[in-house]
Amino acid sequence: MSGKKKNPPVPTEFSLDHEGEELTFTKFTSKELGRIDVARIPRFRFPACPICLELGPDEAEHVPPESLGGQVMVWTCQRCNNDFGTAEDRLRSFIDLETTAYIEATDGSVPGQRAAKVALRSSEGRPHGMFIRSAAAGFEEILGTGSGKLSIKPLNMALVHASLLKHAYLAACLTNREIPMNAEGDRVRAVLLAARDRDADALTNAQKVLGFEPAVGWIEAPGAPPILLMESEESGELRWLFLLGGRFVVQWPLKDVEPILAV
Ligand SMILES: [Zn+2]
């Protein structure tokens, strides 16, 4: 028994205070025009790692991450597989809006700082809600005194975005049975390699050059395959979106490459 509390339901719209900046999230409600079950296409081993293009990749890669309902779909090299790992933990935290909160008693009743894993929720016109998932001894005690100083560790959104891009990109490679060897593919891989290597400056630069806005949303789709490619119309514009793990939506990551849809 992990004792982990069940996620509170995600409201249609909510915002999150992130380093003083208000981020607003909207539950995905686009009208679906069609559904193509990409998961029916078998997993595929490209001759090269789709991220760094090194030949002979032999690490099984889940798309999306296993913790988000993914299955082994593709193979990457050891370095891309391992070194991306903790960036994906942040993606998991983001999807759950989970972060670490610290509390310190200002009245000296409990010594030191105590941490807790918390889920943040808020909806328009209402104060933010914080749901404690698991807490160190003393955390709730200090919270109960009403005199605790609370701080929240912000998520590294650049790495969250890079993780979303990685899974959308791998899903796109699988859809087309091809690693895109063009300028757009190079721009995507530059972001992924900078994230893998935790090169913050290169990551900022590569993300600016690519201009990929993940357009994340949520869908309640229990039992959905790990990857679902959906054609969607929003404001009269047709676009392709991946539903990953039956829970979150990311747009097709390659502007210059159209999905090749298997009949
Ligand atoms: Zn690689």
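Atoms within each ligand, like the ligands themselves, are counted from 1 in listed order.
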K.L.:
Anything protein N/O/S under 2.8 Å from the Zn ion (ligand 1)? Just list residue and atom, please.
P.N.:
C49 SG, C52 SG, C77 SG, C80 SG
K.L.:
Each residue besides V72 in its hydrophobic cluster should be listed here, by chain and number; the cluster joins Ile, Leu, Val, Met, Phe, Trp and Tyr at side-chain heavy-atom distances under 4.5 Å.
P.N.:
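So far as hydrophobic clustering goes, V72 is joined with W75.
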K.L.:
Classify the side-chain pair E88/S163 by whether it contains a donor and acceptor separated by less than 3.5 Å.
P.N.:
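No, no side-chain donor-acceptor pair sits under 3.5 Å.
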K.L.:
List for me each residue that meets side chain to side chain contact (heavy atoms under 4.5 Å, CB included) alongside A172, sequence neighbours excluded, and say none if there are none.
P.N.:
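A172: side chain to side chain contact (heavy atoms under 4.5 Å, CB included) contacts with F242, W252, P253, L254.
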K.L.:
Can you tell me if CD on E184 sees more than 12 non-hydrogen neighbours from other groups inside 6.0 Å?
P.N.:
yes
K.L.:
Can you see which heavy atom on L244 is nearest to which on A168, and at what distance?
P.N.:
CD1-N, 4.4 Å
K.L.:
Using the side chain to side chain contact (heavy atoms under 4.5 Å, CB included) criterion, which residues pair with L159? Sequence neighbours excluded.
P.N.:
A87, R90, N156, A195, R198, L203
